[in-house]
Structures are given as C-alpha cells and as structure tokens.
Trainee: 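Have a look at this one before I ask anything.
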Number of protein chains: 2
Amino acid sequence: MIVNSTPEGSAPRRRSARGEAARERILHAAVEAFAKDGYQGCSLARIASEVGLSQAGLLHHFPTKEDLLAAVLEERDRLDTRRFLADGAEGIEILTALEKLVEYNTYLTGMVQSFTVLAGESTADLHPARDWFQSRYETVRTMIAAELRKGVERGEIHPDTDCTAIAAEIVATIDGLQLQWLLDPKKVDMPTLFRNYTTRLRTAIST
Amino acid sequence: MIVNSTPEGSAPRRRSARGEAARERILHAAVEAFAKDGYQGCSLARIASEVGLSQAGLLHHFPTKEDLLAAVLEERDRLDTRRFLADGAEGIEILTALEKLVEYNTYLTGMVQSFTVLAGESTADLHPARDWFQSRYETVRTMIAAELRKGVERGEIHPDTDCTAIAAEIVATIDGLQLQWLLDPKKVDMPTLFRNYTTRLRTAIST
DNA sequence: GTCTATACTTTGATAGAC
DNA sequence: GTCTATCAAAGTATAGAC
C-alpha cells in the first residue's frame, strides 16, 4: 500500500536548495516525533513547530501524514542499505557486520525507537506501514540467509545449518534486544548481549 | 505510574454477577481493540459498541481510557503468572516451559498482537504503560535467570554461563519472533524457530 | 448500570492571500 | 513556499435522567 509510493527510480528531484533543506529538517523531526509518541500519537502541528513551520507549511512538503510516514520509511531504507552494502561482508562475516550495526544503533536512539514503535504499531491489521514492514522483514531475512548460505558454500559454515531459520532468529534477537534496551538502557547492554549471542552462534554453526 | 494502580492484594471485588460479566467482556474487547489499532489508535466508543454498550456505559466500569489499559495489563500479568507457576519448571527445564509457552501463544493471536503493539508504543517516553513494561521485563529476566542459575547449581548447566545475559537474550528472541510472526504468519513458523533456537542453546550451555 | 446529550479538545486537511 | 483562517470529524470525558 505504502511501499514504493514514491518510486525510487524516478528522476532526481529538482528542488531549490532551501526546499531540500526544509524537507530534510521535517524528515528528521518526524523521526524524532514518531519515536516520542508513535505515528498515531504525534501530531503534524508538533512536528511542524519543531522545525519552525506552521502545520500548513509542513503539508506543503508532505501532502498527508501518511506521505510523511512513507518518506521516513524510505529514508531508513536508504540509510540501512547504504550502510549495509558499504560493509560488504560476505559469508559468516555477516555476523561481524551485524555486531557493528547493533553497536552503531546505540548512537541512533531516535531512529531505533522510532522503528520499534512503528514496527509494533504496524502489526495492527489496517496500519499504513504494515505492508512496508512485512516486505522489509522478508527482504532482510533473505539477505542474511543468502550470506549464510554463501558461508556454507565456502566451507565456513556447517552444511546442515538451516540458514533461513537462523536468519529469522538473528533478526528477532536484534529487535527484541532493541526493545529491552529502549525501555531500560542502563540495565540492558545491547551490543554486549548481541555479541554474546553471535559468539555462541558462530561456534555452533562454524565448521 | 500505572503499575499497581489496582493493588493486587486488595479484598476480592464484591460485584454483582452481571457487573462482573460486563467487566470481563469489556476487558476482552479491549485486548482485541488494542491489538487491531493499538492503544492510541482505538477509541472507547468502538470497544463499547463491541460489547453492546454506549461509550458512557463503558466509562462507568473504567473511568478513563488509561484505567482500561491498566486493567488489560494486570489481566495479562495474572494469566501469565498463573500459567508459568502452574508449569513449575525448574533449572534448565525452563527452556522446555518456554517452548510450550511460545507454542501456546500461537493460539492467542489477540493477546500477543495486543502486547506487541503496546510494548512498541510503550518505549515512547511519556506512554502510560512505559513503567509497567519496564518493570515487567525486569521481572521476567530475573525469573528466567534465577532458573538458569538453579540449573548451574544442579550441575545441568555449565558454570561459566552468563545467566543474566542468556535470560535477556531468550526474552528478546521470543519478542522478535512474535513480531515477525504477526506480520507474516504463513512465512514465519514461530514455535519451530524458537525450538530451533532453544535446542542450540541447550546443547551450548549444558554440561 | 446504562443511556442521551453535550462540552471541550485535538487533529488532519483545505482554501486562498501574500 | 509559507502563512492565516477555517472546516469537518473524531476523541475523551462529564452531567444528569432513568
């Protein structure tokens, strides 16, 4: 429904420098607002005032609240993809890359919180982001599973490993740890807990 | 804030049979409504009409929406505790009990979805259920860690196991799998994935 | 215990001036 | 591109009759 509502492949947006900056600022404020109150819990007026705009002014850049949500999700996709491809980890090295990602997320409280709230909300049947999250998880699982399989081919990983299952499990662990970390950052050392997990996983599936 | 807003230890509620039934029905409808639209996304009027009441009629039983939320959370606590204590699993057997719990949750879509949505929402700083979830996770982690430690004492589990870390990891895996399962029940076989995880964990920490 | 009626607030979105 | 003004809708909560 909301996925690809702005085709990635379209021509580069021609906008004035000022307009581009406003768009960016709004986007950033939206991430923070979604994190603070969730999508349903925050108002456009609040986001607008955060960047020194009126509500109507904001709606000039994003015609509806749902458009703003879509833009936030795309932005996240863009960042994640870039970061993930940049790493270029292959085979079992994917685990190390994920450890780094989790470590890195510690510094992105807003983004992580925003996505934890949105992901939870999105399981509601009619939520505008449901389709996006569904296909996103599918994609991420597939990507990780593919690398694990490459690890099997290379002889790094034991052949009778259920790569699909492990992929889902890894993603689950990351999400679950994020939730506990957000609720209690002082008591939950997310990166360490995840490394604890991957270390055990590594020895279990390595040849 | 919201935790223990109705002290568990108070005298058994004296209410007419009809009144009790209404309360129960409302509570049940609320769980479903929170699951469908989240706490912020659903209206009291909708819940009320679901049980054949007017909105004002509902507010007679739960004076505010937040009171209703509190009651739902307490109910969940009650059910979980009963179910968990009933099992009476000790030491490493806690893993088997958790496998059963996850399997059982497959049939409680409403409850699970409701809690996934609420947990996500609750990471928002000002959410009325934040304190409840924070302390609940703390409690659950502590309970599981305690059983694991008992397993160490009994010689079932390897002595240099970080029981606290494993406890957080287990909870994280359960939550994360629930999220993926709710978004795509056909592609994500939650109980099998969890058993896949616990099986590996069991052999890793067993003596 | 339940209803109708209503007060009050907030929200997303539109119209049109500048 | 941004604003003011405004709308219509929906939400929580209260008052008071039955």
Side-chain angles (χ1 to χ4, degrees), chain A residues 1-2 5 13-30 32-34 36-73 117-118 121 124 126-129, chain B residues 1-2 5 13-30 32-72 117-118 121 124 126-129:
Chain A
M1 181 189 295
I2 218 172
S5 58
R13 296 189 184 89
R14 309 239 178 261
R15 268 200 201 88
S16 70
R18 282 190 53 203
E20 199 68 51
R23 215 189 126 89
E24 293 297 315
R25 287 206 318 277
I26 293 169
L27 226 43
H28 196 262
E32 295 298 324
F34 291 167
K36 264 208 175 62
D37 306 315
Y39 172 70
Q40 287 160 331
C42 79
S43 73
L44 293 176
R46 222 181 67 70
I47 299 176
S49 86
E50 210 77 43
V51 296
L53 277 183
S54 72
Q55 187 224 19
L58 184 156
L59 285 173
H60 171 74
H61 298 275
F62 302 92
T64 72
K65 195 184 183 185
E66 215 166 295
D67 288 330
L68 180 56
L69 172 60
V72 166
L73 298 177
V117 179
L118 288 175
E121 276 185 356
L126 311 168
H127 197 279
Chain B
M1 183 187 295
I2 218 172
S5 56
R13 295 189 187 91
R14 309 240 177 259
R15 269 202 199 87
S16 69
R18 282 191 52 203
E20 198 68 52
R23 216 190 126 90
E24 292 298 314
R25 288 206 317 277
I26 293 169
L27 224 44
H28 195 261
E32 295 298 324
F34 291 167
K36 263 206 176 63
D37 306 315
Y39 172 71
Q40 287 160 333
C42 80
S43 72
L44 293 176
R46 220 179 71 69
I47 298 175
S49 86
E50 211 77 44
V51 296
L53 276 183
S54 72
Q55 187 224 16
L58 185 154
L59 285 174
H60 170 73
H61 299 274
F62 303 92
T64 72
K65 194 183 183 186
E66 213 166 296
D67 289 329
L68 180 56
L69 172 60
V72 166
V117 179
L118 289 175
E121 275 185 357
L126 311 169
H127 196 279

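The chains referred to below are lettered A, B, ... by the order of the sequence lines, with proteins before strands, and numbering in each begins at 1.
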Trainee: Side-chain N or O of B:H60 versus OP1/OP2 of C:dC3: is the shortest distance under 4.0 Å?
Mentor: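 No, no such contact exists.
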
Trainee: For the atom pair CG (B:L27) and NE2 (B:H61), what is the distance rounded to the nearest 0.5 Å?
Mentor: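 Output value for this atom pair is 11.5 Å.
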
Trainee: Is there any salt bridge (Lys or Arg N to Asp or Glu O under 4.0 Å) pair reaching into residues 40-59 of chain A, and which pairs are they, with sequence neighbours excluded?
Mentor: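 Of all non-adjacent pairs touching residues 40-59 of chain A, those that pass salt bridge (Lys or Arg N to Asp or Glu O under 4.0 Å) are A:D37-A:R46, A:R46-A:E50.
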
Trainee: What is the separation between atom CZ on B:F62 and atom P on C:dG1, rounded to the nearest whole Å?
Mentor: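 In whole Å, C:dG1 P and B:F62 CZ are 12 Å from each other.
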
Trainee: What pairs with B:S43 under side chain to side chain donor-acceptor pair (under 3.5 Å), at least two apart in sequence or on another chain?
Mentor: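 Counting only residues at least two positions away or on another chain, B:S43 forms no side chain to side chain donor-acceptor pair (under 3.5 Å).
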
Trainee: Mind checking what makes side-chain contact (heavy atoms from CB on, under 4.5 Å) contact with A:L59, not counting sequence neighbours?
Mentor: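 Partners of A:L59 by the side-chain contact (heavy atoms from CB on, under 4.5 Å) criterion, ordered by chain and then number, come out as A:L44, A:Q55.
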
Trainee: Could you state the atom-to-atom distance from CD1 of A:I47 to P of C:dT10 in whole Å?
Mentor: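 These atoms are roughly 17 Å apart.
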
Trainee: Who are the side chain to side chain donor-acceptor pair (under 3.5 Å) partners of B:T64, not counting sequence neighbours?
Mentor: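 Result, side chain to side chain donor-acceptor pair (under 3.5 Å) vs B:T64: B:D67.
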
Trainee: Could you tell me the separation between the CD1 atom of B:I26 and the C1' atom of C:dT2, rounded to a whole number of Å?
Mentor: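 For the pair B:I26 CD1 and C:dT2 C1', the rounded distance is 11 Å.
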
Trainee: Holding to ring-ring contact (aromatic ring centres under 6.0 Å, His included), I want the full list of residues that pass it with A:F34, two or more places apart in sequence or in another chain.
Mentor: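 With sequence neighbours excluded, A:F34 shows a ring-ring contact (aromatic ring centres under 6.0 Å, His included) to A:Y39, given in chain and number order.
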
Trainee: Can you give one letter per nucleotide of nucleotides 12-18 of chain D, 5' to 3': B if a protein heavy atom sits under 4.0 Å from the base, S if only from the sugar-phosphate, - if neither?
Mentor: BBB----

Trainee: Select base, sugar-phosphate, or nothing to describe what A:G52 touches, counting heavy atoms under 4.0 Å on all strands.
Mentor: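 Answer is sugar-phosphate: A:G52 comes under 4.0 Å of backbone atoms only.
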
Trainee: Just how far, in rounded Å, is P of D:dG11 from CZ of B:R46?
Mentor: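 Taking CZ of B:R46 and P of D:dG11, I get 10 Å after rounding.
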
Trainee: Please give, in whole Å, the distance from D:dT2 C1' to A:L58 CG?
Mentor: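 Rounded to the whole Å, the gap is 11 Å.
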
